[in-house]
Amino acid sequence: MSIYRYGEHQPVIGKDCYVSDSARLIGNVILEDSCYIGHGAILRADHGMIRVGRGSAIEENAVIHVRKAQSYILEVGITVGHGAILHGDLVKAFAVIGMGAVVGRETIIGAWAIVAEGAVVPRGESVEDETIVGGVPAKTIGRVTSKHKEYWQWAKEVYRDFARDYERNLVKLS
C-alpha cells in the first residue's frame, strides 16, 4: 500500500482493515475498523478530510476526493463499486455506489440508497434514503426492498471477510 502524509495530515487505519499494496491513501484519510480498500483505489484528502466508516468496502479503482477545507463522510457499511468516482459530502449508512458511477460535488447519498452502475449524481443533488437511482443524470428508478438489503448485507460481509483474510491468505507470487 502507498500511504502519504500531506503537510501535517497522514492516514489513520483502523484494526482489521485491508489496504491493497496498489491503493493510495493521501493526507487526512481515516479508515474505521474492518474496511476493505481494493487494488488501485485512491482516497485523496490533501486539502480536507475523508472518513470511511466501519465495515465499508472501497472496491478496485474507485477514486474518492474531498474539496478544500471540507469533510467527506462515508458512514458505516458503505459499498463503493469498482471504478466509481466520488466527490461529495456525505454517504449515509449502508448505501451502495455502483460500478462506474459518478457522485458529484456537494451531494448527499441517503441511508440504504443504491446508485446504479454508471449513474451520475450531479453536483448539489441528493438521493433519498432507501431510493434506487440510475441514469445520466441520475433519476429515481425504484425503492430499496428487503431483498435488496439481504443481498447487500451478504455482499458487504464478503468484503469484511476479505479485509480479515487477505492479510494471511493473499500471497504475492512475483
Side-chain angles (χ1 to χ4, degrees), residues 1-99 101-115 121 123-131 133 149 152-153 155-164 166-167:
M1 79 184 97
S2 293
I3 298 177
Y4 297 91
R5 179 174 52 96
Y6 184 79
E8 298 175 11
H9 299 289
Q10 68 183 38
V12 175
I13 301 171
K15 67 179 184 164
D16 297 323
C17 289
Y18 172 76
V19 180
S20 169
D21 62 351
S22 62
R24 304 285 185 263
L25 304 180
I26 301 166
N28 195 3
V29 175
I30 301 165
L31 302 181
E32 294 181 1
D33 296 343
S34 303
C35 290
Y36 172 91
I37 310 299
H39 316 291
I42 300 171
L43 284 72
R44 189 175 137 224
D46 41 15
H47 291 293
M49 186 269 293
I50 297 170
R51 178 182 293 274
V52 180
R54 179 181 40 82
S56 293
I58 312 303
E59 296 176 0
E60 289 67 28
N61 296 315
V63 176
I64 302 174
H65 185 241
V66 63
R67 298 182 321 279
K68 188 172 185 170
Q70 299 293 312
S71 295
Y72 198 176
I73 307 298
L74 288 76
E75 293 181 347
V76 63
I78 303 303
T79 300
V80 176
H82 311 287
I85 300 172
L86 285 74
H87 210 295
D89 289 344
L90 175 64
V91 180
K92 294 183 180 179
F94 304 106
V96 175
I97 311 300
M99 297 180 292
V102 175
V103 177
R105 296 172 55 155
E106 301 166 2
T107 55
I108 297 173
I109 307 299
W112 280 109
I114 298 173
V115 176
V121 179
R123 179 181 184 163
E125 296 292 321
S126 293
V127 176
E128 294 181 20
D129 293 351
E130 299 188 18
T131 300
V133 299
K149 289 181 180 182
W152 283 107
Q153 285 289 54
K156 290 168 192 300
E157 190 60 36
V158 167
Y159 280 94
R160 283 190 289 272
D161 288 347
F162 281 149
R164 281 190 301 269
Y166 267 19
E167 287 301 322

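Just so it is clear, the model here is predicted, and its values are computed rather than measured.
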Rounded to the nearest 0.5 Å, how far does [atom2] of [Y] lie from [atom1] of [X]?
X	Y	atom1	atom2	result
Ile97	Ile114	CD1	CD1	10.0 Å
Asn28	Arg51	CG	CZ	9.0 Å
His9	Ile30	NE2	CD1	9.5 Å
Ile73	Ile50	CD1	CD1	9.5 Å
Met99	His82	CE	NE2	6.0 Å
His87	His65	NE2	NE2	5.0 Å

Is the shortest heavy-atom distance from the side chain of [X] to the side chain of [Y] under 4.5 Å?
X	Y	answer
Val12	Val29	no
Tyr72	Leu86	yes
Ile78	Phe94	no
Val96	Val80	no
Val121	Val115	yes
Lys156	Thr79	yes
Asp89	Glu106	yes
Met49	Gln70	no

Output yes when a side-chain donor or acceptor of [X] lies under 3.5 Å from a complementary backbone atom of [Y], and no otherwise.
X	Y	result
Ser22	Gly40	yes
Thr131	Asp129	yes
Asp33	Arg54	no
Glu32	Gly53	no

Exercise for review: Could you tell me whether Glu75 and Lys92 make a salt bridge, using a distance below 4.0 angstrom between a side-chain N and a carboxylate O?
Suggested key: no
- Query: Can Arg164 and Glu157 be counted as an ion pair, charged N to O under 4.0 angstrom?
  - Reply: yes
Do you know which two heavy atoms are closest between [X] and [Y], and how far apart they sit?
X	Y	value
Ile37	Ala23	CG2-CB, 3.9 Å
Ser56	Val76	OG-C, 4.1 Å
Cys17	Ser34	SG-N, 3.7 Å
Ala62	Gly81	CB-O, 3.9 Å
Tyr6	His47	OH-CE1, 3.7 Å
Pro11	Tyr4	CD-O, 3.3 Å

Residue set satisfying side-chain hydrogen bond (donor to acceptor under 3.5 Å, both in side chains) with Asp16, at least two apart, ordered chain then number -> none
Step by step, would you call Ile42 with Ile64 a side-chain contact (heavy atoms from CB on, under 4.5 Å)?
CA-CA 6 Å; Ile42 300 171; Ile64 302 174; over 6 Å; no
key: Residue pair Thr107, Val127: steps toward the side-chain contact (heavy atoms from CB on, under 4.5 Å) verdict   = CA-CA 8 Å; Thr107 55; Val127 176; over 6 Å; no
Start with the C-alpha gap between Leu31 and Leu25, add the side-chain angles, then the distance that decides, and say whether side-chain contact (heavy atoms from CB on, under 4.5 Å) holds. CA-CA 10 Å; Leu31 302 181; Leu25 304 180; 3.9 Å; yes
Q. Between Phe162 and Tyr166, how do the two ring planes meet: parallel, tilted or perpendicular, split at 30° and 60°?
A. tilted
Problem set entry | Atom CD of Glu128: over 12 foreign heavy atoms under 6.0 Å | no
Enclosure of Arg67 CZ (heavy-atom neighbours >12, cutoff 6.0 Å) = yes
* Would you check, one step at a time, whether the test side-chain contact (heavy atoms from CB on, under 4.5 Å) holds for Ile3 with Val19? => CA-CA 10 Å; Ile3 298 177; Val19 180; 5.6 Å; no
Could you walk me through whether Ser2 and Arg24 pass side chain to side chain donor-acceptor pair (under 3.5 Å), step by step? CA-CA 5 Å; Ser2 293; Arg24 304 285 185 263; 3.0 Å; yes
